[in-house]
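Model, not experiment: these values are computed from the prediction.
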Amino acid sequence: MSNLNESDIQSFIDAVSSFFFQVTQEKVGIRAAYLVEGGIPATTFDLTSYITLSGAFTGRVYFSAPRVMVAHLLLTMQEPDRGDERLLDAVGEIANTISGNARKHFGETMQISVPVTQATEHDWLNSVVSPRSYVILVKWKQYRASVVVDIQHTD
Amino acid sequence: MKLLIVDDSAIIRSRIARILNDSRLKSIDVVGMAQNGMEAISLFLQNTPDIVTMDITMPKMDGVDCTEKMISLYPECNILVISALSDKATALKALKKGARGFLYKPFTDEELIAAFLELTNS
């Protein structure tokens, strides 16, 4: 069960917003709430990556996005290779950047792993995350993606 | 000047090379790209680069240990750490091991070029 406070959650929202703005120079739409209380499903898209936390925190931070959105993002970044391997690499880098940036708020006691990436089926996230996970829905251009924060303090 | 790019993300390696290639820093020649610290050390020994861009969170050997190893082999090497780990402690740790600069991800084209200009001018 998550035991994060409002400023903890805000650090992830800020990290997601900052990533898209820095890379695309465009603002993203954000809607965020706890999975159970807010009624937002932990929406799973085609490609998902996650970072595993250790140290003063346990759990995972997930990023999931449709293939077409990631390809568009790579096009914006002028990346010529938009094959499957690069798309997975991109979702991994996004999860890594969001988690790494959030560490500015949590401090160095939050250790983060290298990203794990995979193609995912519908509803996969809901089968692996805890009911008290925090879901951040991201809207960039006409696309939607999700960040799921399923972490807790260990101390 | 010879540049080695070290990052476990292929899109970041490709992006750094593309930005520098398109910039006015024409004297920079990318001599290698590595996806982890172990591979980076091998390429470092083969090419003795003047500048290295170094990620921190990587498999096999992380960027802090890799920086320490490279500086012990070639203390004159200019290492620019480029990492998403935006806490001060990580930056200080890398600088203590001999890195000459730190750039946070995500970065813009202009921020990368500015970091390189600062590094090459110093």
Side-chain angles (χ1 to χ4, degrees), chain A residues 11 14-25 28 49 51-56 61 63 70-71 73-117, chain B residues 5-23 33-39 53-66 81-96 102-115:
Chain A
S11 70
D14 291 345
V16 176
S17 305
S18 168
F19 176 86
F20 278 89
F21 187 73
Q22 282 283 83
V23 170
T24 69
Q25 299 297 302
V28 289
S49 59
I51 298 287
T52 302
L53 305 186
S54 57
V61 177
F63 175 74
V70 184
L73 196 59
L74 289 184
L75 182 68
T76 304
M77 295 167 73
Q78 300 177 51
E79 169 58 53
D81 182 351
R82 294 186 287 280
D84 280 359
E85 205 173 313
R86 285 293 162 102
L87 298 181
L88 283 169
D89 184 275
V91 292
E93 184 60 20
I94 294 169
N96 175 60
T97 304
I98 291 168
S99 305
N101 286 184
R103 218 170 84 137
K104 185 177 185 180
H105 169 78
F106 292 100
E108 62 175 325
T109 54
M110 185 177 96
Q111 302 291 325
I112 70 173
S113 73
V114 294
V116 174
T117 61
Chain B
I5 300 172
V6 186
D7 200 299
D8 62 341
S9 166
I11 59 163
I12 296 297
R13 296 194 300 271
S14 163
R15 182 161 181 239
I16 292 170
R18 196 256 317 152
I19 293 170
L20 295 174
N21 188 51
D22 293 350
S23 76
M33 296 193 193
Q35 57 187 331
N36 61 61
M38 298 294 279
E39 195 179 305
T53 66
M54 180 72 71
D55 189 14
I56 295 287
T57 307
M58 294 185 291
K60 297 185 182 173
M61 180 192 283
D62 72 20
V64 173
D65 289 345
C66 191
V81 173
I82 302 179
S83 173
L85 298 178
S86 53
D87 57 294
K88 276 185 186 167
T90 300
L92 286 173
K93 201 181 287 179
L95 293 170
K96 210 172 167 181
F102 201 105
L103 179 64
Y104 295 120
K105 293 177 185 174
F107 54 85
T108 62
D109 294 14
E110 293 73 23
E111 285 168 342
L112 179 69
I113 293 165

Colleague: Below 4.5 Å from any heavy atom of chain B, which atoms of A/S113 appear? Answer side chain, backbone, both or neither.
Modeller: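 For A/S113, the contact with chain B is made by the backbone alone.
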Colleague: With a 4.5 angstrom heavy-atom cut-off, could you sort out which part of B/Y104 is near chain A: side chain, backbone, both or neither?
Modeller: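 Neither the backbone nor the side chain of B/Y104 comes within 4.5 Å of chain A.
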Colleague: Could you give the distance from CG (A/L73) to CD1 (B/I11), rounded to the nearest 0.5 Å?
Modeller: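 One finds 7.5 Å between CG of A/L73 and CD1 of B/I11.
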Colleague: How long is the straight-line distance from CG of B/D7 back to CG of A/N96, given to the nearest 0.5 Å?
Modeller: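 Reported value, rounded in 0.5 Å steps: 8.0 Å.
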Colleague: More than 12 foreign heavy atoms under 6.0 Å from CD of A/Q111: is that the case here?
Modeller: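 Yes - once you tally the heavy atoms of other residues, nucleotides and ligands closer than 6.0 Å, there are more than 12.
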Colleague: Is there a donor-acceptor contact under 3.5 Å from the side chain of A/Q22 to the main chain of B/P106?
Modeller: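 At least one qualifying donor-acceptor pair exists.
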Colleague: Below 4.5 Å from any heavy atom of chain A, which atoms of B/K88 appear? Answer side chain, backbone, both or neither.
Modeller: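 Looking at B/K88, nothing touches chain A.
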Colleague: Identify which part of A/E85 has an atom lying under 4.5 Å from any heavy atom of chain B, answering side chain, backbone, both or neither.
Modeller: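 For A/E85, no heavy atom lies under 4.5 Å from chain B.
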Colleague: Which heavy atom of A/I112 sits nearest a heavy atom of B/T57, and at what distance?
Modeller: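 Distance-wise, the nearest heavy atoms are O-CG2, 3.8 Å.
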Colleague: To check you understand the geometry: which heavy-atom pair defines the closest contact between A/N101 and B/K105, and what is its length?
Modeller: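 Closest approach of A/N101 to B/K105, heavy atoms only: ND2-O, 2.9 Å.
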Colleague: Might you point out which heavy atoms bring A/D89 and B/S9 nearest each other, and give the distance in Å?
Modeller: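 The pair with the smallest heavy-atom distance is OD1-OG, 2.6 Å.
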Colleague: Which value, rounded to the nearest 0.5 Å, describes the distance between A/M110 atom CE and B/L85 atom CG?
Modeller: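 Rounded to the nearest 0.5 Å, the CE-CG separation comes to 8.5 Å.
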Colleague: Could you look at A/E108 and say if it's the side chain, the backbone, both or neither that has a heavy atom under 4.5 Å from chain B?
Modeller: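 Both backbone and side chain.
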Colleague: Please round to the nearest 0.5 Å and tell me the distance separating atom CD of A/Q78 and atom CG of B/D22.
Modeller: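 So the CD of A/Q78 and the CG of B/D22 are separated by 6.5 Å.
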Colleague: Does CE in B/M38 sit with more than 12 non-hydrogen atoms of other residues, nucleotides or ligands closer than 6.0 Å?
Modeller: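 Not more than 12 within 6.0 Å, no.
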Colleague: Between chain A and each of B/R18, B/R15, B/E111, count heavy-atom pairs under 4.5 Å; write down the option with the most.
Modeller: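 Result: the option with the highest number of such pairs is B/R18.
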Colleague: At a 4.5 Å cut-off on heavy atoms, which part of A/V23 comes close to chain B: side chain, backbone, both, or neither?
Modeller: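 Only the side chain of A/V23 comes within 4.5 Å of chain B.
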